[in-house]
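This report concerns only the one structure given below.
Here the structure is a predicted model, which is why all the values come from computation and not from measurement.
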Amino acid sequence: MVSHHHLGTSFGAPASDWLNVITPVEGRPGRYGATLCVDQNHPFFFDHPLDHVPGMLLVTGLLDLLRDHAVLSRDHRVRLSFEFTSMCELGPGIDLSAELSDERGEWTVLALQEDRPVCAGTVALTEEPRPESPEEQGPAVSPAPIEGGLAHRADPRNVLIGEPTISHDGEREEYVVPLVPPPVGHFLFRHGNEHYGLEEMIEAGRQFATAASHLAHERPRDAVMLWLRLAADLPAAPPRAERLTLRWPTQPPRGNRGTFDLTVSRGTATGQGVPIGSLSYGSRALSPASYQRIRQNGEQE
């Protein structure tokens with residue numbers, strides 16, 4: 001059972017002390033519930049002031065709910081689809097639930113705040129064959145991270161992508177970024193140093209989509225990005241010895257909406273690499289004034 005305490009907020013803290021997100025509660029067989037812990041001093045989830053609970057914390061809590069009950073392990077392939085239906089406020093409590101919806105391993109997950117859905121979706125799990133020994137890729141040299149402001153990160157230790165390279169295929173551009181490993185002791189290493197984690201890959205994709213909103217869609221630097229949906233098809237724990245890159249064949253914006261369908265590949269940013277999965281994000285870009293207006297009106301869409 002995961003305890004409710006949270007120890008330490010420095011990046012040097014042991015991985016096991018980082019974030020015990022959930023407190024399991026009693027539930028009927030095949031259904032699990034929990035209460036989400038929100039630590040506004042956490043240096044990963046709240047590395048800059050926020051007036052709401054970030055989507056990455058909701059994602060982490062729902063995945064941890066499955067991990068805590070030995071449903072999700074690093075031997076799985078994970079196909080998930082989440083909708084962020086309402087803004088999740090900082091004050092009221094957040095209840096998480098996961099229920100097995102079919103015998104093939106699909107779970108229905110939900111985050112409720114005062115009986116109002118704030119995130120809902122599915123997580124389908126299948127056994128992922130263990131990969132062969134990683135190919136030798138030469139000495140590991142971490143790429144330089146992208147400017148934190150483009151990824152909407154204040155602390156450079158939380159920036160997980162490098163500078164994009166851009167190629168042209170006819171009239172369409174493709175953006176490619178390498179993943180940048182977090183520093184030793186970072187929250188994202190809590191499941192081990194030898195493998196990428198689901199949250200690390202999802203957050204790297206979120207940062208890429210955010211940066212692409214500014215670079216490719218020319219959103220103003222002070223635009224607020226509302227996360228509307230997330231989909232992923234990924235191995236739960238690919239080996240870190242194989243470097244990962246994210247690729248995005250550019251998709252034009254539709255008004256203030258953006259869609260970012262990414263391919264996750266192993267290999268360097270200079271080659272095509274070998275696809276291992278995908279990430280997809282839907283977002284809405286708002287000016288600070290528009291964001292304040294919808295916050296006052298309690299809107300999401």
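With contacts defined as side-chain heavy-atom distances shorter than 4.5 Å, the pair Y291/L226 qualifies. Using a 4.5 Å cut-off on side-chain heavy atoms (C-beta onward), E127 and H76 make contact. Proximity of R266 to P238: side-chain heavy atoms (C-beta onward) are nowhere separated by under 4.5 Å. Counting heavy atoms from C-beta on, the side chains of L80 and V109 never come closer than 4.5 Å. With contacts defined as side-chain heavy-atom distances shorter than 4.5 Å, the pair T60/F187 qualifies. Looking at T126 and R79, their side chains come closer than 4.5 Å, going by heavy atoms from C-beta outward. Within the 4.5 Å cutoff, side-chain heavy atoms of L246 are placed close to those of V264. Counting heavy atoms from C-beta outward, L179 and R243 have side chains that stay 4.5 Å or more apart.
Heavy-atom neighbours of R172 CZ from other residues, nucleotides or ligands within 6.0 Å: above the threshold of 12. Applying the 6.0 Å contact sphere to CD of E173 captures more than 12 heavy atoms from other residues, nucleotides or ligands. Heavy atoms from other residues, nucleotides or ligands lying under 6.0 Å from CD of E114 number 12 at most. Counted within 6.0 Å of CD on Q40, heavy atoms from surrounding residues, nucleotides or ligands total more than 12; the atom is thus considered enclosed.
Taking the ring axis of F44 as reference, the NZ or CZ atom of R157 does not stay both within 45° of it and closer than 6.0 Å to the ring centre.
The backbone N or O of G33 lies less than 3.5 Å from no partner atom in the side chain of D95, so there is not a single donor-acceptor pair. Panel note: side chain S101, backbone E106; a donor-acceptor pair is recorded below 3.5 Å. Within the 3.5 Å criterion, the main-chain N or O of N193 finds a donor-acceptor partner in the side chain of R240. Looking at D47, its side chain does come within 3.5 Å of a backbone N or O of D155 through a donor-acceptor pair.
In terms of heavy-atom proximity, R219 sits nearest to P253 at NH2-CB, 3.4 Å. In terms of heavy-atom proximity, P181 sits nearest to E200 at CA-OE2, 4.4 Å. Nearest heavy-atom pair across G121 and F82 is CA-CD2, 4.0 Å. In this structure, G148 and V159 approach most closely via the heavy-atom pair CA-CG2, 3.8 Å. Taking all atoms of both residues into account, the shortest heavy-atom contact from Q251 to T259 is OE1-O, 3.0 Å. What you find for W107 and A98 is that their closest heavy atoms are CE3-C, 3.9 Å.
Checked against side-chain hydrogen bond (donor to acceptor under 3.5 Å, both in side chains), N256 has no partners two or more places apart in sequence or in another chain. With sequence neighbours left out, E199 forms a side-chain hydrogen bond (donor to acceptor under 3.5 Å, both in side chains) with R67, R190. Judged as a side-chain contact (heavy atoms from CB on, under 4.5 Å), and not counting sequence neighbours, P156 has no contacts. Qualifying side-chain hydrogen bond (donor to acceptor under 3.5 Å, both in side chains) partners for D115, counting only residues two or more places apart in sequence or in other chains: none.
With rounding to the nearest 0.5 angstrom, the CD1 atom of I161 is 12.0 Å from the OG1 atom of T245. Distance CG/L215 to OG1/T210: 10.5 Å, rounded to 0.5 Å. The CH2 atom of W227 sits 10.5 Å away from atom OG of S283, with the distance rounded to the nearest 0.5 Å. Atom CZ of R284 sits about 5.0 Å away from atom CD1 of I294, to the nearest 0.5 Å. Atom CG of residue L230 and atom CE of residue M56 lie 8.5 Å apart, to the nearest 0.5 angstrom. The distance from atom OH of Y196 to atom CD1 of I276, rounded to the nearest 0.5 Å, is 8.5 Å.
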For a side-chain contact (heavy atoms from CB on, under 4.5 Å) check, start with the C-alpha distance between R257 and L228, then their side-chain angles and the critical distance, and finish with the verdict.
CA-CA 9 Å; R257 306 296 177 103; L228 302 178; 3.3 Å; yes

Go through it in stages, so that I can follow the logic: the residues are I146 and V177, the test is side-chain contact (heavy atoms from CB on, under 4.5 Å), and I'd like the CA-CA distance, side-chain angles, deciding distance and then a yes or no.
CA-CA 9 Å; I146 198 171; V177 299; 5.8 Å; no

Please evaluate residues D64 and L96 with respect to the criterion side-chain contact (heavy atoms from CB on, under 4.5 Å), reporting the C-alpha separation (whole Å), side-chain torsions for both, the decisive distance (0.1 Å), and the verdict.
CA-CA 10 Å; D64 271 1; L96 308 179; over 6 Å; no

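There is no path of hydrophobic side-chain contacts, each under 4.5 Å, that joins L66 to L112. No chain of hydrophobic side-chain contacts below 4.5 Å, direct or via other Ile, Leu, Val, Met, Phe, Trp or Tyr residues, connects F84 to L110. Placement of M225 and F46 in two distinct hydrophobic clusters is found when ILVMFWY residues are connected by side-chain heavy-atom separations under 4.5 Å, directly or transitively.
Identified under the ring pair (Phe, Tyr, Trp, His ring centres under 6.0 Å) test for residues 234-263, with sequence neighbours left out: Y175-W248, H217-W248, H217-F260, W248-F260.
Between F208 and Y281, the ring centre distance reaches or exceeds 6.0 Å.
Between V123 and the options L62, L65, V71, V78, a side chain to side chain contact (heavy atoms under 4.5 Å, CB included) holds for only V78. Considering H48, Q207, R206, H214 in turn, H214 is the only one that fulfils the side chain to side chain donor-acceptor pair (under 3.5 Å) rule with H152.
Between the side chains of R116 and Q113, at least one donor N or O lies within less than 3.5 Å of an accepting N or O. A side-chain donor from one of S280 and R229 sits under 3.5 Å from a side-chain acceptor of the other.
Its side chain outside the 4.5 Å cluster rule for every partner, V180 clusters with none of the Ile, Leu, Val, Met, Phe, Trp and Tyr residues.
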